[in-house]
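First the structure, in the form of structure tokens, and then the observations on it.
Within every chain, numbering begins at 1; the chains are lettered A, B, ... in the order of the sequence lines, protein sequences first and strands thereafter. Given the structure is predicted, the values throughout are model-derived calculations rather than measurements.
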2 protein chains.
Amino acid sequence: MSTVGKALELLELFTPARGQIGLSDLARLAGLNKATCFRLVSDLCAHGLVEQIAASRDYRLGPALLRLAALREALVPTRTAALPVLQALADATGETAHLSILEGGSLRSLARAYSAAHATRVTLEDVSILPFHATASGLAVLAFQDEVARAAVLAAPLPRLTPQTETDPATLRQRLEAVRRSGIASGTGGFDAEVESLAVPLFDALGRCSGGLAVAAMASRMTPAQQALIRAELIRAGRAITTLWGGTPPAAVSLAWQAAD
Amino acid sequence: MSTVGKALELLELFTPARGQIGLSDLARLAGLNKATCFRLVSDLCAHGLVEQIAASRDYRLGPALLRLAALREALVPTRTAALPVLQALADATGETAHLSILEGGSLRSLARAYSAAHATRVTLEDVSILPFHATASGLAVLAFQDEVARAAVLAAPLPRLTPQTETDPATLRQRLEAVRRSGIASGTGGFDAEVESLAVPLFDALGRCSGGLAVAAMASRMTPAQQALIRAELIRAGRAITTLWGGTPPAAVSLAWQAAD
DNA sequence: CAGTTTGGTTCATTATTTGAACCGATGGTT
DNA sequence: AACCATCGGTTCAAATAATGAACCAAACTG
């Protein structure tokens with residue numbers, strides 16, 4: 001592995017649950033020698049991607065990321081552009097809306113919006129990586145990847161997160177086929193037993209499916225009427241975000257969405 | 001220079017004006033061999049910090065930055081927390097408010113808020129690095145750095161950006177002394193001849209002055225009454241952001257701000 | 001169509017990275 | 001208080017990964 005690769009992997013070690021890490025822990029987590037780790041993290045510090053907390057001497061992600069992310073958003077407003085649509089979706093459905101993007105082979109949470117309608121809501125604050133096989137977003141996105149990527153995901157171990165999680169690759173392939181036909185995916189209790197969700201794929205300027213948009217509701221509230229509402233709103237919002245990203249849905253999806261309207 | 005350092009310097013080459021860069025240009029700008037540059041940028045790509053545009057083969061900042069920046073903001077909400085205060089400041093003064101943070105030895109623009117009050121406004125969209133000697137924010141922040149950092153800035157060449165730009169280190173030192181006494185800095189036409197601005201320093205949880213907050217107005221609109229209003233609002237907002245950042249102003253600043261109220 | 005420049009690759013040379021051992025400081029535990 | 005473990009950080013010979021000139025094929029440019 002290249003030295004640069006090792007340094008960049010250090011960045012991946014920071015998660016919502018683990019916001020700051022000491023040098024020894026960092027070395028352990030990365031599987032690096034402490035001295036090596038120190039040099040790498042020092043380099044990251046020097047460029048502001050990581051910073052050291054004076055008091056505890058722990059390291060955490062640095063302020064340069066804000067600037068770089070702002071620069072990225074100025075050029076390719078992935079998040080900024082989608083945010084209002086996301087909130088509108090949450091408002092229109094009265095449920096939690098959720099935007100994720102494909103990055104580094106995994107589907108990652110990018111933003112969520114809550115509705116004020118209900119006191120009980122699906123909170124997703126701490127979910128950072130969405131398993132493809134167990135979430136509506138995951139299925140929606142996976143359905144529109146090329147066969148190699150899809151095969152890789154289905155070949156890897158598929159953990160059973162709840163009793164309802166589908167873990168059989170063959171069955172999943174059938175579901176993905178259905179997603180491709182309908183342009184919409186559903187995940188019922190696969191990730192959290194009490195949560196039911198629907199999701200549509202999102203397409204970027206390069207025609208790739210690079211994200212997913214989902215609405216997650218408490219299973220108890222998911223009446224057929226509510227389902228229909230969510231489907232319609234999801235399709236509207238999916239079209240809107242795809243357009244904002246400069247993309248167009250594949251013809252098949254466009255047709256399926258039109259039919260569902 | 002470390003390999004990692006070289007790779008991270010590539011990130012710095014992307015600016016608002018230069019959002020995407022081809023391999024050869026990238027190598028030239030970085031002063032690297034093309035092959036070396038290719039390997040480095042490939043590593044960055046592999047981790048999503050940079051991505052390649054399929055069509056032009058140019059490179060641009062990647063989507064991983066969004067996730068990392070969001071993670072940073074979740075832990076240390078520097079920008080998120082300050083944004084509403086910034087907008088309130090713009091609204092209260094009817095002018096452009098501007099937040100900058102110290103990062104990698106330079107003062108960088110982090111956010112701006114515009115007032116709807118006037119059709120003519122100071123736009124700062126493309127300013128990314130603020131010269132310490134020629135802006136109110138720069139003086140406000142520089143005044144509260146330790147002597148080594150301050151000496152380094154004053155020893156470097158101080159470009160004359162307008163006829164009014166003060167470039168004499170000795171005179172600047174006097175101004176900085178005045179800023180320390182009053183807790184507020186002013187910059188009149190030093191950066192842009194027609195813009196007058198006021199700024200206060202901001203302090204983070206570690207007691208360091210790590211940012212500046214400014215209000216910039218067209219010089220023609222800056223009446224004494226308007227000046228007084230801006231000063232008062234700036235102090236309020238400065239106190240608010242410093243508190244949100246978990247910091248406290250040095251006693252001297254606290255007193256000066258109290259006296260000005 | 002000839003000349004340039006592009007993104008990308010190769011491979012022997014070279015310079016950088018690596019890690020065991022070590023340091024002083026800190027914080028429990030007995 | 002003596003002990004032990006662990007912390008962040010440093011050192012330097014040995015090992016490994018980075019480097020860059022030369023070289024492609026393809027895409028522009030005149």
Closer than 4.0 angstrom, basic N to acidic O: yes or no for [X] and [Y]?
| X | Y | value |
| --- | --- | --- |
| E147(A) | R150(A) | yes |
| R108(B) | E12(B) | yes |
| E177(A) | R180(A) | yes |

- Task: Write down the distance between CZ (F38(A)) and C1' (dT11(D)), rounded to a whole number of angstrom.
- Result: 12 Å
- Distance in angstrom units between Y59(B) OH and dG7(C) P, rounded: 8 Å
- Do L32(A) and E9(A) touch side chain to side chain, with heavy atoms closer than 4.5 Å? no
- Task: Compare all side-chain heavy atoms of T78(B) with those of R72(B) and state whether any distance is below 4.5 angstrom.
- Result: yes
- Message: Main chain of C209(A), side chain of Q145(A): is a donor-acceptor contact present, judged purely on distance under 3.5 Å?
- Response: yes
- Task: Write down the atom of Q20(A), the atom of D58(A), and the distance for their closest heavy-atom approach.
- Result: NE2-OD2, 3.4 Å
- Message: Treating primed atoms plus P, OP1 and OP2 as sugar-phosphate and everything else as base, which nucleotides of nucleotides 17-22 of chain D get B, S or - for protein heavy atoms under 4.0 Å?
- Response: SSBBB-
- Mind running side chain to side chain donor-acceptor pair (under 3.5 Å) on S109(A) and H98(A) for me, showing each step along the way? CA-CA 7 Å; S109(A) 175; H98(A) 181 239; 3.0 Å; yes
- Which of residues 20-28 of chain B sit near DNA chain C, with a heavy atom under 4.0 Å from it? G22(B), L23(B), S24(B), R28(B)
